[in-house]
Amino acid sequence: MANKKYWLIKSEPDAYSIDDLKRDKKTCWDGVRNYQARNFMRDEMKVGDLVLYYHSNAKPPGVVGLARVSRTAYPDHTALDKKSKYYDPRATKDKPIWMMVDIEFVERFPQVISLDTLKQTKGLEKMRVVQRGQRLSVQPVEAAHFQVIRKMAK
DNA sequence: GCCAACGTTGGC
DNA sequence: GCCAACGTTGGC
């Protein structure tokens, strides 16, 4: 597939871990409430794109596995659900504001590639996730960075 | 639990 | 449209 992109998505393992994804096989990536992250999902994520799964607020934080985009962006229904913690009163059916994609489980790495390891790895110095103050929960990953990490996973 | 970094909100 | 105040993220 031409122009395949690579991504990194963050999740707190207490909320939804790679093991949860493995169990469910696929999930809708709801609850993203950041415009930049939403735009990446809405405008650039394509079916088949590979996604590094990152555990934030974990011990240690790091990349724990691989997922794949299985459905392009569609409205995030949790924004319309008053009972959801992701409810956004500004969202309507016509203007849902927030979008989500579906992702499916690919693999769980045999060991976590910790943030600390990523920071120490040559070639990854420019990777977004190792930059200070980088909070985006959905971010693009350069192909070269992706390949380095994939090799490290073995 | 702390707090730096960052995004969003809202008064002006 | 500026920017201070506030809320959230996420490493430590």
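- Heavy-atom distances under 4.0 Å link DNA chain C to A:Leu115, A:Lys119 of residues 115-122 of chain A, given in residue order.
- Classification of A:Lys119 and A:Asp116 as a salt-bridged pair fails, no side-chain N sitting under 4.0 Å from a carboxylate O.
- Across all strands, A:Arg38 comes closer than 4.0 Å to no nucleic acid atom at all (heavy-atom distances).
- B:dG7 atom C1' lies 15 Å from atom CZ of A:Arg33, rounded to whole Å.
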Less than 3.5 Å apart, which donor and acceptor atoms pair up between the side chains of residues 136-152 of chain A and the rest of the protein, not counting sequence neighbours?
{"unit_1": "A:Gln139", "atom_1": "OE1", "unit_2": "A:Val129", "atom_2": "N", "d": "3.2"}
{"unit_1": "A:Gln139", "atom_1": "NE2", "unit_2": "A:Leu136", "atom_2": "O", "d": "3.0"}
{"unit_1": "A:His145", "atom_1": "NE2", "unit_2": "A:Gly123", "atom_2": "O", "d": "3.3"}

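- Atom CG in A:Asn34 sits roughly 13 Å away from atom C1' in C:dG7 (whole-Å rounding).
- Going from atom CG of A:Leu136 over to atom P of B:dG7 covers 7 Å, rounded to whole Å.
- Evaluation of the side-chain hydrogen bond (donor to acceptor under 3.5 Å, both in side chains) rule for A:Arg38 yields no partner, not counting sequence neighbours.
- For the ring-ring contact (aromatic ring centres under 6.0 Å, His included) condition, the pairs that include at least one residue of residues 37-70 of chain A, sequence neighbours left out, are A:Trp7-A:Phe40, A:Trp29-A:Tyr53, A:Tyr53-A:His55.
- A:Gln111 CD: 12 or fewer foreign heavy atoms inside a 6.0 Å radius.
- Residue A:Tyr86 contributes atom OH, which lies 13 Å from atom P of C:dT8 at whole-angstrom precision.
- Residue A:Gln36 contributes atom CD, which lies 7 Å from atom P of B:dG7 at whole-angstrom precision.
- One interatomic measurement links the two molecules: NE2 of A:His55 to P of C:dG10, which rounds to 13 Å at whole-angstrom precision.
- Among residue pairs with one or both ends in residues 98-114 of chain A, those qualifying as salt bridge (charged side-chain N to carboxylate O under 4.0 Å, His left out) are A:Asp19-A:Arg108, A:Lys26-A:Asp102, A:Arg68-A:Glu104; sequence neighbours excluded.
- Under the rule for a side-chain hydrogen bond (donor to acceptor under 3.5 Å, both in side chains), A:Ser11 has no partner lying at least two apart in sequence or in another chain.
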Expected rows: protein N/O vs nucleotides 1-4 of chain B N/O, under 3.5 Å:
{"unit_1": "B:dA4", "atom_1": "O3'", "unit_2": "A:Arg132", "atom_2": "NH2", "d": "3.2"}

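- Other residues sharing the hydrophobic cluster of A:Tyr35, ordered by chain and number and joined by side-chain separations under 4.5 Å: A:Ile97, A:Trp98.
- Rounded to an integer number of Å, the gap from CH2 of A:Trp98 to P of B:dG7 is 13 Å.
- When the side-chain nitrogen and oxygen atoms of A:Lys10 are compared with OP1 and OP2 of C:dT9, none of them lie within a distance under 4.0 Å.
- Checking the phosphate oxygens (OP1, OP2) of C:dG11, a side-chain nitrogen or oxygen of A:Tyr54 falls inside 4.0 Å.
- For residues 70-95 of chain A, no pair satisfies ring-ring contact (aromatic ring centres under 6.0 Å, His included), with sequence neighbours left out.
- As a whole-Å value, the separation of A:Gln134 CD from C:dG10 C1' is 11 Å.
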